[in-house]
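The structure displayed is predicted, hence computed values, not measured ones. Just so you know, residue 1 is the first one in the sequence shown, and it goes up from there.
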Amino acid sequence: LLEHLLPLMLPSSPVVIYSPHIEPLSAVGHWMLQNKGLIGVSLSESWLREYQVLPMRTHPFMSMSGASGYTLTATTVSSELSAPSTKRQ
């Protein structure tokens with residue numbers, strides 16, 4: 001799907017893909033790293049762990065939500081990937 005959408009995107013367009021699982025994003029991220037028209041490829045986890053800080057001890061909160069996911073981001077840079085623009089005359 002991404003292969004078909006990239007030619008339609010203008011340079012400097014952000015690409016953001018979310019998934020609750022890392023495996024599909026890892027494969028897409030590898031493809032993105034091989035693509036010369038994308039820069040700043042980054043895979044990050046959206047889960048935030050809060051810590052309770054007390055005198056003489058620090059530990060994560062025990063009543064935390066287990067819901068999380070992963071975000072794959074990149075930026076398009078090549079005008080060769082973008083769709084032909086219509087110029088006004």
Checklist outcome for this item: Closest non-hydrogen atoms of P14 and M9, given as atom of the first, atom of the second and distance, are O-CE, 3.4 Å
Checklist entry - When you look at L10 and T76, which way does the side-chain contact (heavy atoms from CB on, under 4.5 Å) test go after all the steps? => result CA-CA 7 Å; L10 295 173; T76 60; over 6 Å; no
Checklist entry - How would you list, by chain and number, every residue that makes a side chain to side chain contact (heavy atoms under 4.5 Å, CB included) with L54, sequence neighbours excluded? => result Q52, R57
Next on the checklist: Could you work out, with side-chain hydrogen bond (donor to acceptor under 3.5 Å, both in side chains) as the rule, every residue matching Q34, not counting sequence neighbours?
Outcome noted: none
Checklist entry - Residues in side chain to side chain contact (heavy atoms under 4.5 Å, CB included) with V16, at least two apart? => result T71, T73
Checklist outcome for this item: So OG of S13 and CG of L38: to nearest 0.5 Å the spacing works out to 10.5 Å
Report all side-chain donor-acceptor pairs from residues 19-28 shorter than 3.5 Å, counting only partners two or more places apart or in another chain.
unit_1	atom_1	unit_2	atom_2	d
S19	OG	H21	N	3.1
S19	OG	H21	O	3.0

Checklist entry - Hey, quick one: are L33 and V15 part of the same hydrophobic cluster, counting side-chain heavy atoms closer than 4.5 Å, chains of contacts allowed? => result yes
Checklist entry - Nearest heavy-atom pair of Y18 and S46: which atoms, and what distance? => result CE1-OG, 4.4 Å
Checklist entry - Between L2 and M32, does a side-chain contact (heavy atoms from CB on, under 4.5 Å) hold up when you go through it step by step? => result CA-CA 9 Å; L2 190 57; M32 290 173 113; 4.0 Å; yes
Next on the checklist: Test of understanding: with side chain to side chain contact (heavy atoms under 4.5 Å, CB included), list the residues that count as partners of E3, not counting sequence neighbours.
Outcome noted: W31
Next on the checklist: For a 4.5 angstrom cut-off between non-hydrogen side-chain atoms, does N35 reach V41?
Outcome noted: no
